[in-house]
*Asks:* 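Pasting a structure below so you can have a look.
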Amino acid sequence: WPVASPCNINDTFAGKTLAGKPGSRGVGFISREEVRRGDEISPPQETGRSVRSPWMLVILLTAGNTLAFFHRIIITLLAEPIKAEFALSDTAIGLLFGLFFTGSFVLAVLPLARLADMGFRREVIGCCVLVWSSIFAACLLARSYAALVVARVGIGASQAGYAPAAVSLISEHFEPRRLASATGMFASGVYLGGGLAMLAGGALAAWFDPAAGHQVPLLGRVSGWNVILFLCGLPGIVIGATLLAVIREPRQAPKQTGQADSPDERGEGSQSWVTPAHVGIIGGLVLMVLVGNATGAWIPSFFQRAHGWPTAQIGLVYGVTIVLCGVIGSIGGGWFASRLRSRGHANAHLAILLGCFILLAPVSTCFPLVPDPWLAMALIGFMNLLASVTIGLCYALLQEITPTSRRARIAGINSLFANLAGAGLGPLLVAVLTDHFFADASKLPQAIAVTSLAGSCAACIFLWFGIRMLWGRAGAT
């Protein structure tokens, strides 16, 4: 991998790039000396933007991220009735949760991220939400496994562009030392969405039995899980229209006469924008996402098979656990890291990130093996608390070490591998171990534990490889 020239990641100012500027200490960043001389680049003008404050922008984008993971997770709560209706194996359900979704996701993510980097982030964000929500509501008509596969493919492709465009837009509104707080709030949508999926899914399952038939006007008798998916898709249409209406692309400040575009702004200089640090951080996050999806996709089935919990109870308890622990971890972890860096602890975010990765290994391995279901749920809560901290910090760190004009694409690359290797293979690995290695559906807990142990240990190795290259440049704490 080509390596950029030495750069102190804490020498950045407001995330603005200076690729090619004489005297700059690193590719794409402004040094402390340049800031003291007053040579910083003016931030983008905010004219034409209807969102009144950067935090309001973050709240709106977090709502969209919440919706994305709400739609991504709720189908896992309905796995058992879908499996029974179509007489499916665990492998077929794993493909539906994983590779069918991620296959279309990985094909669409880089083109949509490139479109976002070209200045169409508002359009990418709003249209993606509208499309995937409409497809989700159309699952009311799904009467076969093939129809669900088509829906998952469409949802995966339309969700691909959202996070890269949103994270890129957020990064232009916060300086690096405050960016972790903003990305932490955005990352809380992962857990708000997952928790609300369990809560809303559990409540709807109490009203509409997922395994029973229900009369729907003009359509006749449909399964309860069809009705639940339809009702959950409707709010997204409203949210997508709202995002299109209120978000505006920031306008760049006009260039001075005779000022030339930097190589990075023209799309040149690509030999220096992907570094070994990117590889290590993305690799570690991808493997941790693999563990998260391998466990999360099968947790409802785990409690049903191993502990006999009904769907409504799983939705309520698991949903509350995800919301509380995930939101506290993502927002609190980002705020704590930002506060420590503001007080001069330059390595704080790196130390917090590595510590959470290390703790996740034993926690994610042990929860499926404990005999008490409430102890298992407590460990799941702690696992979500630790994982939520890592997502926001990784988002911020990747944006901080990447030139502005490449940020949506680096976020897209991260999303591509996280969904291909992480979300795609995670649920499938557990299913394959259950069906073919253990050859016993009751061995689901052991399959989850094996996947978690291997993935977590590999994630720690990758992350250390990435952040050790930044640790020495961040200065003493």
Side-chain angles (χ1 to χ4, degrees), residues 1-2 61 64-65 68-69 71-72 94-95 97-118 120-121 124-125 127-129 131-132 152-171 183 186-187 189-190 267 270 273-294 296-297 387 390-403 405-429 455 458-459 462-463 465-466:
W1 292 89
L61 295 175
N65 201 34
F69 282 88
H71 286 158
R72 200 177 295 191
L95 287 169
F97 291 165
L99 286 181
F100 289 135
F101 177 92
T102 57
S104 59
F105 189 104
V106 299
L107 291 175
V109 64
L110 290 183
L112 289 174
R114 172 60 177 162
L115 191 63
D117 275 337
M118 292 170 62
F120 297 99
R121 288 176 292 195
V124 170
I125 288 169
C127 291
C128 282
V129 176
V131 172
W132 90 60
R152 289 292 284 176
V153 168
I155 293 169
S158 52
Q159 283 199 3
Y162 183 81
V167 172
S168 172
L169 194 59
I170 290 171
S171 70
T183 56
F186 179 78
V190 175
S270 60
W273 69 281
V274 176
T275 69
H278 286 98
V279 177
I281 295 166
I282 291 175
L285 184 58
V286 164
L287 287 164
M288 198 53 71
V289 169
L290 183 148
V291 173
N293 281 273
T390 67
I391 294 175
L393 293 182
C394 282
Y395 279 165
L397 190 55
L398 287 172
Q399 293 294 297
E400 189 175 333
I401 64 175
T402 305
S405 64
R406 305 282 187 166
R407 286 177 175 172
R409 272 168 285 178
I410 205 68
I413 291 171
N414 179 50
S415 293
L416 186 155
F417 286 106
N419 282 273
L420 180 62
L425 292 180
L428 184 60
L429 282 175
F462 264 89
L463 182 71
F465 171 77

*Asks:* Measure across A277 and I401 and return the closest heavy-atom pair with its distance rounded to 0.1 Å.
*Replies:*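 Nearest pair, atom of A277 first, then I401: CB-CD1, 4.2 Å.
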*Asks:* Any pair with a residue in residues 153-165 that passes side-chain hydrogen bond (donor to acceptor under 3.5 Å, both in side chains), sequence neighbours left out, goes on the list, sorted by first then second residue, please.
*Replies:*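 Output for this query lists R72-Q159.
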*Asks:* Please list all pairs passing the salt bridge (charged side-chain N to carboxylate O under 4.0 Å, His left out) test where one or both residues lie in residues 276-294, with sequence neighbours left out.
*Replies:*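 Passing the test, one end in residues 276-294: no pairs.
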*Asks:* List the atom of A165, the atom of I125, and the distance in Å for their closest heavy-atom pair.
*Replies:*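 Scanning both residues, the minimum pair turns out to be CB-CG1, 3.8 Å.
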*Asks:* How far apart are the closest heavy atoms of V109 and G412, and which atoms are they?
*Replies:*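 Heavy atoms only, the tightest pair is CG2-O, 3.4 Å.
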*Asks:* List, one per line, each side-chain donor-acceptor pair under 3.5 Å for residues 110-118, sequence neighbours excluded.
*Replies:*
{"from": "D117", "atom 1": "OD1", "to": "A408", "atom 2": "N", "distance (Å)": "3.2"}
{"from": "D117", "atom 1": "OD2", "to": "R409", "atom 2": "N", "distance (Å)": "3.1"}
{"from": "D117", "atom 1": "OD2", "to": "R409", "atom 2": "NE", "distance (Å)": "2.7"}

*Asks:* Who pairs with T390 by side-chain hydrogen bond (donor to acceptor under 3.5 Å, both in side chains), at least two apart in sequence or on another chain?
*Replies:*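 T390 satisfies side-chain hydrogen bond (donor to acceptor under 3.5 Å, both in side chains) with no residue once adjacent residues are dropped.
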*Asks:* Please examine the side chains of I410 and N414, heavy atoms only from C-beta on, and report whether any two atoms are closer than 4.5 Å.
*Replies:*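 Of all side-chain heavy-atom pairs linking I410 with N414, none is under 4.5 Å.
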*Asks:* Pick from V291, L290, N293: which one makes a side-chain contact (heavy atoms from CB on, under 4.5 Å) with L429?
*Replies:*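 Result for side-chain contact (heavy atoms from CB on, under 4.5 Å) with L429: L290.
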*Asks:* Test S168 against every option in R407, R121, R406, Q399 by the side-chain hydrogen bond (donor to acceptor under 3.5 Å, both in side chains) rule and name the one that passes.
*Replies:*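 Option passing the side-chain hydrogen bond (donor to acceptor under 3.5 Å, both in side chains) with S168: R121.
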*Asks:* For F186 and N65, work out which heavy atoms get closest and say how close.
*Replies:*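 For F186 versus N65, the nearest heavy atoms are O-ND2, 2.8 Å.
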*Asks:* Using a 6.0 Å cut-off, check whether atom CZ of F462 has over 12 heavy atoms from anything other than its own residue.
*Replies:*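 Incorrect, the count does not exceed 12.
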*Asks:* Just how far is it from atom CG of L393 to atom CG of L285, taken to the nearest 0.5 Å?
*Replies:*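 Here the rounded value is 10.5 Å.
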*Asks:* Give the minimum heavy-atom separation between A166 and L61, together with the two atoms involved.
*Replies:*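 It is O-CD1, 3.8 Å.
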*Asks:* Do V167 and L398 make a side-chain contact, defined as non-hydrogen atoms from C-beta onward lying under 4.5 Å apart?
*Replies:*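 Side chain of V167 against side chain of L398, heavy atoms only: no contact under 4.5 Å found.
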*Asks:* Minimum heavy-atom separation for A396 to T183, with atom names?
*Replies:*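 Nearest heavy atoms, A396 then T183: CB-OG1, 3.4 Å.
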*Asks:* With sequence neighbours left out, what residues match A157 under side chain to side chain contact (heavy atoms under 4.5 Å, CB included)?
*Replies:*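 Only S104, A108 meet the side chain to side chain contact (heavy atoms under 4.5 Å, CB included) criterion with A157.
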*Asks:* Rounded to the nearest 0.5 Å, how far apart are CD1 of I413 and CD1 of I282?
*Replies:*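 Interatomic distance, I413 CD1 to I282 CD1, rounded to 0.5 Å: 6.0 Å.
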